[in-house]
Amino acid sequence: MEDKQESIFKFAFDETSKEHIKGISQWSAINAIVAFVALGINIIQFVMASSSAYRSSAFNFGMRTESGFSLFIQVAISILMNVTLYTASVKLKKGLEATNPGMLGQGFMNLRNYYKIYGIILIVLLVLGILGILLISSFRRY
Amino acid sequence: MIKKAANIGGFFYIAVPKLTIMEDIKEDILSSEHELGIDNEIPGYLIDTSKWAKFVAITFFAIIGICILLFATFGSAIMQNLAPFRGYDSEASQMLVFGIIILLIVTAVVIVTYYFLLNFANKIRAGLESESIDMVNEGLRSLKTHFIIATIISIIVLLFSLYGMIA
């Protein structure tokens with residue numbers, strides 16, 4: 001494994017690679033910022049809907065509380081993912097500008113973490129979805 | 001030039017080593033102007049990224065495939081339930097058709113977006129294993145394209161959300 005690792009390092013990123021990494025850094029930063037803005041809009045919409053629900057009835061406000069919990073989870077996941085993505089973008093950009101392989105490595109590490117979080121969340125959602133389908137189908141039989 | 005210390009004829013010769021400077025040797029600094037050297041960790045991170053990116057892309061393709069399969073299986077039942085909305089003069093019918101078209105466009109865009117992510121995963125892994133910088137570059141270009149498409153879609157969705165909020 002170490003020999004294989006040593007053989008991998010015989011080349012370096014060339015100008016084309018740097019251009020692509022620069023593009024990845026720019027667009028991933030924009031992606032993260034857009035996601036934060038969208039999250040802010042969701043929160044504002046929730047607050048506006050909650051205040052009108054509070055004024056209308058206790059039942060409606062209770063329903064909003066339940067959707068508030070799902071919003072909280074959405075906010076937490078979004079912040080976790082997009083902070084990681086933004087950090088990756090910043091580190092990649094700094095690594096390129098300073099020609100620093102260490103900083104570039106941290107950028108790629110954060111990019112890996114971003115996709116790892118993405119994958120884990122997908123696994124959790126798939127498991128919950130399958131459990132939900134099984135529960136619904138088992139209730140229908142009775 | 002070394003002068004040997006010796007007692008020759010009453011004169012002492014002192015041995016002085018002369019430092020030779022190899023002026024012709026220039027350090028080949030790979031990480032300077034044209035190339036960015038890769039340290040020991042970057043390929044590992046890239047391979048891990050490619051594994052997770054491949055998983056994410058394949059999962060999305062699987063979900064889309066299941067949705068298409070379900071629609072193909074239960075599509076007739078769904079269309080029967082939507083029969084009251086069908087009719088050439090009905091506004092709801094137009095909205096239904098519009099909705100289906102939007103759904104098809106969104107599906108196509110998602111497939112294209114995650115195709116590039118899958119391409120990145122495959123090319124990066126193949127490039128690192130075969131030590132081919134061209135293949136690694138293709139992988140990086142695919143990832144860049146993936147982020148470009150994903151960002152444009154995000155901006156469009158954000159604009160629609162803002163419009164919905166204002167309206």
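Chain letters run A, B, ... following the sequence lines, proteins first and then strands; every chain starts at 1. Worth knowing before you read on, the calculation uses all heavy atoms, side chains too, and leaves out hydrogens, waters and symmetry mates.
Among the candidates B/Leu143, B/Ile155, B/Asp134, the residue making the largest number of heavy-atom pairs closer than 4.5 Å to chain A is B/Leu143. Annotation: maximal heavy-atom pairing with chain A below 4.5 Å, among B/Ile152, B/Thr151, B/Thr145, occurs at B/Thr151. The most heavy-atom pairs under 4.5 Å with chain B, out of A/Ala32, A/Ser17, A/Ser25, A/Gly107, come from A/Ser17.
Using a 4.5 Å heavy-atom threshold, the side chains of A/Tyr114 and B/Thr49 count as separate. Between A/Leu111 and B/Tyr45, every side-chain heavy-atom pair lies at or beyond the 4.5 Å cut-off. Side-chain contact check for B/Asp48 versus A/Phe108: every heavy-atom pair is 4.5 Å or farther apart.
Between B/Leu46 and A/Phe13 the shortest heavy-atom distance is CD1-CZ, 4.2 Å. In plain terms, the two heavy atoms of B/Leu140 and A/His20 that are nearest each other are CB-CB, 3.7 Å. The minimum heavy-atom distance between B/Leu162 and A/Ile41, with the atom names listed, is CD2-CD1, 3.4 Å.
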Applying side chain to side chain contact (heavy atoms under 4.5 Å, CB included) to A/Ile123 and B/Phe55, what does each step give before you reach the verdict? CA-CA 10 Å; A/Ile123 290 169; B/Phe55 171 74; 3.3 Å; yes

Can you check side chain to side chain contact (heavy atoms under 4.5 Å, CB included) on A/Ile120 and B/Trp52, steps first, answer last? CA-CA 9 Å; A/Ile120 290 168; B/Trp52 285 103; 4.1 Å; yes

Check the pair B/Asn137, A/Asp14 against side chain to side chain contact (heavy atoms under 4.5 Å, CB included), reporting the backbone distance first and the verdict last. CA-CA 9 Å; B/Asn137 286 341; A/Asp14 56 8; 3.3 Å; yes

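Of the two parts of B/Ile153, neither the backbone nor the side chain holds a non-hydrogen atom closer than 4.5 Å to a non-hydrogen atom of chain A. No part of A/Leu125 comes within reach of chain B, as not one of its non-hydrogen atoms sits under 4.5 angstrom from that chain. Heavy-atom distances place the side chain of A/Ile44, and not its backbone, under 4.5 Å from chain B. For A/Ile30, the parts sitting under 4.5 Å from any heavy atom of chain B are the backbone and the side chain alike. Using a 4.5 Å cut-off between heavy atoms, A/Ile121 makes no contact with chain B at all. If you measure heavy-atom distances from B/Ile148 to chain A, the contacts under 4.5 Å come from both the backbone and the side chain.
Relative ring orientation between B/His146 and A/Tyr115 is described as tilted, the plane-to-plane angle lying within the 30° to 60° band.
Hydrophobic clustering (side-chain heavy atoms under 4.5 Å, transitive across Ile, Leu, Val, Met, Phe, Trp, Tyr) keeps B/Ile111 apart from B/Leu103. B/Tyr163 and A/Met48 sit in two unconnected hydrophobic clusters of ILVMFWY residues. Membership requires side-chain heavy atoms under 4.5 Å apart, directly or through other members. No path of Ile, Leu, Val, Met, Phe, Trp and Tyr side chains, each step under 4.5 Å between heavy atoms, connects B/Leu69 with B/Ile64, placing them in separate hydrophobic clusters. A/Met109 and A/Ile117 end up in the same hydrophobic cluster when Ile, Leu, Val, Met, Phe, Trp and Tyr side chains are linked at under 4.5 Å. Placement of B/Ile63 and A/Ile130 in two distinct hydrophobic clusters is found when ILVMFWY residues are connected by side-chain heavy-atom separations under 4.5 Å, directly or transitively.
In B/Tyr115, the OH atom is not crowded: 12 or fewer heavy atoms of neighbouring residues, nucleotides or ligands sit closer than 6.0 Å. Around CZ of A/Arg112, the count of heavy atoms belonging to other residues, nucleotides or ligands within 6.0 Å exceeds 12.
Checking A/Asn31, A/Ile33, A/Val37 one by one against B/Ser154, the side chain to side chain contact (heavy atoms under 4.5 Å, CB included) holds for a single residue, A/Asn31.
Interatomic distance, CG of A/Leu126 versus OG1 of B/Thr59, reported as 6.0 Å (0.5 Å rounding). Interatomic distance, NZ of B/Lys144 versus CD of A/Glu19, reported as 7.5 Å (0.5 Å rounding).
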